[in-house]
2 protein chains.
Amino acid sequence: MTEATPVRRAGRQLPTADELRIWRDFIETTAALGSRLESRLQSDSSLSTGDYAVLLALSEAEGQAMRSSELAAHIGWERSRLSHHLGRMERRGLIRRQECPTVPRGAEVLLTAAGAEAFGGATFPHLRAIRELFVDALTPDQLVAAGEIAAALRTRLDVLRRE
Amino acid sequence: MTEATPVRRAGRQLPTADELRIWRDFIETTAALGSRLESRLQSDSSLSTGDYAVLLALSEAEGQAMRSSELAAHIGWERSRLSHHLGRMERRGLIRRQECPTVPRGAEVLLTAAGAEAFGGATFPHLRAIRELFVDALTPDQLVAAGEIAAALRTRLDVLRRE
DNA sequence: ACCTATCGGTTGACATGTCAATGATGCTAA
DNA sequence: TTAGCATCATTGACATGTCAACCGATAGGT
């Protein structure tokens, strides 16, 4: 970081000690943030962040229903993961699955009344937690910077996707 | 973010749409970054990041050994998680456990030759991946900002620890 | 000495995640 | 027509994580 010369920067293959320290702080803190949010959500509503993502997507979908594959793409999950998760959510009565009327071998995922109710109850505390643990922790400048950092990292991930 | 008046900022209980968008970008991208690193490490060395954390700590420990509880504290894991993980690593021959000579009911965790070898082989590609996916993705300013953001979030998490 | 609380560590039950294999169904080309 | 192939979704095997219960040993207070 205190590295000013582009030449040396380009020549290095490994991170410096400073860079590594930042990396560790960054990845560990964001992981801890995620799990704190997870446990807040759990104690406020008995939902996991996975449940929440599914319920959010269904709530916003037309007819509060979506085909399984679309849902997976929408929230960025593998189909297998979604299928397992839906099985658990179905057992708890949060969603229902039925054959899709339009797509031959498709499965339609429907929000149940219980699911809508659980989602409704979870939303406010969850958003408040996001505000307390993330938004309020940062200055406005830092918040902007966080968005830019996320965008830069995402771009990099996408560029290197197939390697 | 475009919120300039402290009064309005203080009065809000929930994040704005902008803030929420940044939150989602941030948390999802950092999660994706973590899992990309995980799969890189896996394919380069057949180690998980958990394995790596354990092996790193043991490598740096005197005598390449540590008591189980110390190790857990050092890498920030619950004892139960560590115990399960050590069981799996022991089955793969990466570490060994024996009664601790100094602490009565303590277990000493030792790095095996195979563990040291696996760690040695994993280090270089892992650090290179951190550089490619994180350090090189950011400008020097962004890297500094990432460190500051992590520190701010960590402070907040610590302040709210027992709630 | 003896009851009890605590400590270090393990275990079991379960939630979650990945990967590869499986079924079931439609599409396409010989 | 039919053999091969892609697609949608599920399943099973397994790795990982949390939580609570447990075991054995030790330290104190009475």
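Throughout, a chain's letter reflects where its sequence line sits, starting with A, and its residues are numbered from 1.
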Trainee: Taking for each residue the nucleotide of DNA chain D bearing the nearest heavy atom, is the 5' side occupied by B/H85 or by A/S83?
Mentor: A/S83
Trainee: Between B/Y52 (OH) and D/dT16 (P), how many Å, whole number?
Mentor: 17 Å
Trainee: For B/S48 and D/dT16, is the shortest distance between a side-chain N/O and OP1 or OP2 below 4.0 Å?
Mentor: yes
Trainee: Side chain to side chain contact (heavy atoms under 4.5 Å, CB included) between B/E19 and A/I130: does it pass, once the steps are laid out?
Mentor: CA-CA 9 Å; B/E19 289 165 348; A/I130 290 170; over 6 Å; no
Trainee: Hey, which of these two, A/T49 or B/R67, hits DNA chain C nearer its 5' end, going by closest nucleotide?
Mentor: B/R67
Trainee: Would a distance-only check, ignoring hydrogens and angles, find a side-chain to backbone donor-acceptor pair under 3.5 Å from A/S48 to A/D51?
Mentor: yes
Trainee: Report the residue (A/E38 or A/E78) whose heavy-atom-nearest nucleotide on DNA chain C is the more 5′ of the two.
Mentor: A/E38
Trainee: Do B/S39 side-chain atoms and B/R36 backbone N/O form a donor-acceptor pair below 3.5 Å?
Mentor: yes
Trainee: Dump the intermediate steps for salt bridge (Lys or Arg N to Asp or Glu O under 4.0 Å) on A/E90 and A/R96, then the final yes or no.
Mentor: CA-CA 6 Å; A/E90 194 164 32; A/R96 222 158 32 80; over 6 Å; no
Trainee: Could you give the CH2-to-P distance, from B/W77 to C/dT10, as a whole number of Å?
Mentor: 14 Å
Trainee: What is the separation between atom CE on B/M66 and atom C1' on C/dG8, rounded to the nearest whole Å?
Mentor: 15 Å
Trainee: Looking only at side-chain N and O atoms, does B/S69 come under 4.0 Å of OP1 or OP2 in C/dG9?
Mentor: yes
Trainee: Which one, C/dG9, D/dA15, D/dT10, comes nearest to the side chain of B/S68?
Mentor: C/dG9
Trainee: Has A/R81 got a side-chain N or O lying under 4.0 Å from the OP1 or OP2 atom of C/dT16?
Mentor: no
Trainee: Any N or O donor-acceptor pair under 3.5 Å from the base of D/dC19 to the side chain of B/S80?
Mentor: yes
Trainee: Tell me, do B/I95 and B/L110 make a side-chain contact under 4.5 Å, heavy atoms counted?
Mentor: no
Trainee: Under 4.0 Å between any heavy atoms, over every strand shown, what does B/R97 touch: base, sugar-phosphate, or nothing? Just pick one.
Mentor: sugar-phosphate
Trainee: Could you tell me how far apart A/R88 (CZ) and D/dT11 (P) are, to the nearest whole angstrom?
Mentor: 13 Å
Trainee: Roughly, in whole Å, what's the span from CD in A/Q98 to C1' in D/dT10?
Mentor: 17 Å
Trainee: Quick one: A/L41 CG to C/dA15 P, roughly how many Å, whole number?
Mentor: 16 Å
Trainee: Counting only side-chain N and O atoms of A/H84, is one of them less than 4.0 Å from OP1 or OP2 of D/dT11?
Mentor: no
Trainee: Please confirm whether the shortest side-chain N or O distance from B/R79 to OP1 or OP2 of C/dG9 is below 4.0 Å.
Mentor: no
Trainee: Distance check needed: C/dC14 P versus A/R92 CZ, whole Å only.
Mentor: 15 Å
Trainee: Rounded off to whole Å, could you give me the CD-to-C1' distance for the B/Q42 and C/dG17 pair?
Mentor: 13 Å
